[in-house]
Visitor: 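Let me give you the structure first, and then I'll get to my questions.
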Amino acid sequence: MDTASSTPRSPLHIQHVTVVGCGTMGNGIAQVFATCGFAVELVDLSAPALEKAMSTIARNLDRVVAKGGLDHESRDAALARIHCGTSLAEATHQADLVVEAATENRQIKLELFRQLDQLSPASCILATNTSSISITDIAGATRRPAQVIGMHFMNPVPVMKLVEIIKGYNTDPVVTATIVELSHRLGKIPVEANDYPGFVANRILMPMINEAIHTLYEGVAGVAEIDTVMKLGMAHPMGPLQLADFIGLDVCLAILRVLHDGFGQAKYAPCPLLVKMVSSGNLGVKTGKGFYAYQAGSKDLLVAPEFR
Ligand code: CAA
């Protein structure tokens, strides 16, 4: 086999971690690795986005310090461990592990993995934080499919304990064991899953969110009522509509389309209301409006005017 692969490092030897993409997930992943002592290269196409990501990380670390979870020196040391840049080649040349957290788009990820395979050392493990795109498919863009794996963090990354570890069809069990061990070192709880549409998390979560949107669309109940039922009745920390806004309605739609295409069953078809909201650019927290209207700096949860 023509392959660039060589033996992956043991988790104890993983020191240099490259995080690709500095959005909500990427900056959270960088924060967690840096807090746990890893040297992090955070890379993105946009320099202003990197600046914004660093101030988000600094603010989130300040929250942890304020709550007594970290001292000032450890906070400063964690920040100093993160180096930002816009060159993929520079960011990956000595990586032991790459965690890709770019846009949830199949073509973008395939092209990125083709480049990551060319640029990173042969022993480097290539992980993706994709929420639903096939790991086997992504691995197929590289010459090292045995070293490609899903490392699916949950939002907000510094808070949520779970990491869903998705094994592609060709993922080497040694690589899986390495990433499981590494997740423990990050203070997370890894759960292994096989590579089928939506894996475990989104195969179960997205139909619930879609059903909540149908419940609203059909006029069974309003936004606040649907969320209150699930918060108070099922002890969910957020109702499904607020959670959809938090994840991003465009991301929810993209994941539902992967489920619908992958299983070919009508039950996964995205609700027309979700499709319309995404077309209108109302994507949730990140655009300031989804099922709720958001104001910077305010924690008040106001139902968006069109649903009042
Ligand atoms: N960095 C560090 N700490 C953070 C943080 C961040 N980015 N965001 C929140 N926190 C901390 C807060 O400081 C606070 O800490 P203490 O408990 O020590 O006080 C704690 O988290 C709770 O935060 P808040 O008090 O601000 O707010 P909250 O109690 O309402 O909790 C929440 C917020 C943790 C987000 C909670 O509402 C929740 O668990 N929501 C559900 C989240 C969820 O389901 N995530 C998964 C989404 S699906 C996904 O990500 C995968 C996918 O593929 C779509």
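Read the numbers this way: they start at 1 and go in the same order the structure lists the ligands and their atoms.
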Visitor: With heavy atoms only and a cut-off of under 4.0 Å, state how Met25 meets ligand 1: side chain, backbone, both or neither.
Guide: neither

Visitor: Could you establish whether Val157 and ligand 1 come within less than 4.0 Å of each other, counting only heavy atoms on the residue side?
Guide: no

Visitor: Short list, please: which atoms of ligand 1 are under 4.0 Å from a heavy atom of Leu243?
Guide: 43 (C), 44 (O), 47 (C)

Visitor: Looking at Met160, which atoms of ligand 1 are within less than 4.0 Å of one of its heavy atoms?
Guide: 42 (C), 43 (C), 45 (N)

Visitor: Tell me whether the count of non-hydrogen atoms from other residues, nucleotides or ligands lying under 6.0 Å of OH in Tyr196 goes above 12.
Guide: no

Visitor: Does the protein put any heavy atom within less than 4.0 Å of atom 32 (C) of ligand 1?
Guide: no

Visitor: Report the nearest protein non-hydrogen atom to atom 26 (O) of ligand 1: residue, atom name, distance rounded to 0.1 Å.
Guide: Lys299 NZ, 3.1 Å

Visitor: Quick one: which of Gln242, Lys231, Met238 has a heavy atom closest to atom 37 (O) of ligand 1?
Guide: Met238

Visitor: For atom 45 (N) of ligand 1, state whether the nearest protein heavy atom is under 4.0 Å away.
Guide: yes

Visitor: Which heavy atom of the protein is the closest neighbour of atom 7 (N) of ligand 1, given with residue, atom name and distance?
Guide: Asn60 ND2, 3.2 Å

Visitor: Under a 3.5 Å threshold, yes or no: a donor from one side chain and an acceptor from the other, between Glu111 and Gln107?
Guide: no

Visitor: Which option out of Met154, Glu104, His152, Lys67 puts a heavy atom nearest to atom 15 (O) of ligand 1?
Guide: Lys67

Visitor: Could you see if Leu88 belongs to whatever hydrophobic cluster contains Met25? Use Ile, Leu, Val, Met, Phe, Trp, Tyr and a side-chain cutoff under 4.5 Å.
Guide: no

Visitor: Using only heavy-atom distances, determine whether the side chains of Glu192 and Thr176 contain a donor-acceptor pair under 3.5 Å.
Guide: no

Visitor: Looking at atom 54 (C) of ligand 1, what's its closest protein heavy atom, distance included?
Guide: Ile247 CG2, 3.6 Å

Visitor: Regarding Tyr292 and Asp227, is there a side-chain donor-to-acceptor distance under 3.5 Å anywhere?
Guide: yes

Visitor: Less than 3.5 Å apart, any donor N or O on the side chain of Arg144 or Ser120 sitting next to an acceptor on the other?
Guide: yes

Visitor: Out of Thr35, Thr56, Asn129, Asn155, whose heavy atom sits nearest atom 42 (C) of ligand 1?
Guide: Asn155

Visitor: Can you confirm whether Glu225 is buried at CD, in the sense that more than 12 heavy atoms of other residues, nucleotides or ligands lie under 6.0 Å from that atom?
Guide: yes

Visitor: Tell me, which protein residue and heavy-atom name are nearest atom 21 (O) of ligand 1, and how many Å apart are they?
Guide: Val159 CG2, 3.5 Å

Visitor: Note the single closest protein heavy atom to atom 2 (C) of ligand 1, along with its residue, its atom name and the distance in Å.
Guide: Pro158 CB, 3.7 Å

Visitor: Assess the side chains of Asp195 and Thr136: does a donor N or O sit below 3.5 Å from an acceptor N or O?
Guide: yes

Visitor: So which protein heavy atom does atom 23 (O) of ligand 1 come closest to, and at what separation?
Guide: Arg63 NH2, 4.1 Å

Visitor: Any luck finding a side-chain donor-acceptor pair between Asp245 and Tyr294 under 3.5 Å?
Guide: yes

Visitor: Ignoring hydrogens, tell whether any protein atom lies closer than 4.0 Å to atom 29 (O) of ligand 1; use the non-hydrogen atoms only.
Guide: no

Visitor: List every atom of ligand 1 that sits less than 4.0 Å from any heavy atom of Leu205, numbering the atoms from 1 in the order shown and giving each element.
Guide: 48 (S)

Visitor: Return the closest protein heavy atom for atom 36 (C) of ligand 1 as residue, atom name and distance.
Guide: Pro237 CB, 4.1 Å

Visitor: At less than 4.0 angstrom from any non-hydrogen atom of Ser131, what atoms of ligand 1 do you find?
Guide: 53 (O)

Visitor: Is it true that Thr130 and Glu104 share a donor-acceptor pair across their side chains at a distance under 3.5 Å?
Guide: yes

Visitor: Check whether any protein heavy atom sits under 4.0 Å from atom 49 (C) of ligand 1.
Guide: yes

Visitor: Run the contact test for His236 against ligand 1 with a 4.0 Å cut-off on heavy atoms, strictly below, and give the result.
Guide: no

Visitor: Using a 4.5 Å cut-off on heavy atoms from C-beta on, say whether the side chain of Phe33 contacts that of Arg81.
Guide: no

Visitor: Assess whether atom NZ of Lys286 is packed by more than 12 heavy atoms of other residues, nucleotides or ligands within 6.0 Å.
Guide: yes

Visitor: Kindly indicate whether atom 17 (O) of ligand 1 is approached by any protein heavy atom to under 4.0 angstrom.
Guide: no

Visitor: Hey, mind stepping through Ile166 and Thr128 against side-chain contact (heavy atoms from CB on, under 4.5 Å) and telling me if it holds?
Guide: CA-CA 9 Å; Ile166 305 105; Thr128 170; over 6 Å; no

